[in-house]
Amino acid sequence: MNPLGKYANYQDLARLEYGRILWANPASRGRLIRHWTSPSHPHHERFSEHRALVEMVLAPGKDDATLEADLRARGHSLRTAVREIPPVIGDF
């Protein structure tokens, strides 16, 4: 089953999977953080607000069920947390 649940769309699933792939590489992770924190990125303020949540979702080590339980304890779900991952726009 889809880790985001039956109501997630393919864009959310792709954002999670590709985000995790890029996050696993320290060089790519650094580029993502620089990109998302750049004042020129349209979602940089939102990323700053939800950075800990995004990093928790992208970080390796927890299976999706454990991550979902941790997020639920914080008032989120995996599906809603994934939507806080900003897009990669323009030059990356």
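Residues take their numbers from the sequence shown, with the count starting at 1.
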Over all heavy atoms of both residues, which pair between [X] and [Y] is shortest? Give the atoms and the distance, please.
| X | Y | result |
| --- | --- | --- |
| A24 | P26 | O-CD, 3.5 Å |
| P87 | H43 | CD-CD2, 3.6 Å |
| E55 | W23 | CG-CZ2, 3.5 Å |
| L58 | G19 | CD2-C, 3.6 Å |

Could you tell me if the side chain of [Y] sits less than 4.5 Å from the side chain of [X], heavy atoms only?
| X | Y | answer |
| --- | --- | --- |
| N9 | R15 | no |
| S77 | R72 | yes |
| T37 | R51 | yes |
| Y18 | V88 | no |
| V82 | V54 | no |
| I85 | H50 | no |
| H76 | E84 | no |
| R46 | P86 | no |

| request: Classify the angle between the aromatic ring planes of H41 and H35 as parallel (below 30°), tilted (30 to 60°) or perpendicular (above 60°). | output: perpendicular
| request: Check the pair R20, D64 against salt bridge (charged side-chain N to carboxylate O under 4.0 Å, His left out), reporting the backbone distance first and the verdict last. | output: CA-CA 12 Å; R20 284 177 170 171; D64 289 333; 2.9 Å; yes
| said: Taking D70 first and then K62, would you say they form a salt bridge - that is, a charged N and a carboxylate O separated by under 4.0 Å? | reply: yes
| Just how far is it from atom CD1 of I33 to atom OG of S28, taken to the nearest 0.5 Å? | 11.0 Å
| note | So CD of E17 and CG of L22: to nearest 0.5 Å the spacing works out to 11.5 Å
| Heavy-atom neighbours of E45 CD exceed 12 at 6.0 Å | no
| request: Mind running salt bridge (charged side-chain N to carboxylate O under 4.0 Å, His left out) on D12 and R83 for me, showing each step along the way? | output: CA-CA 7 Å; D12 292 343; R83 292 188 177 173; 2.6 Å; yes
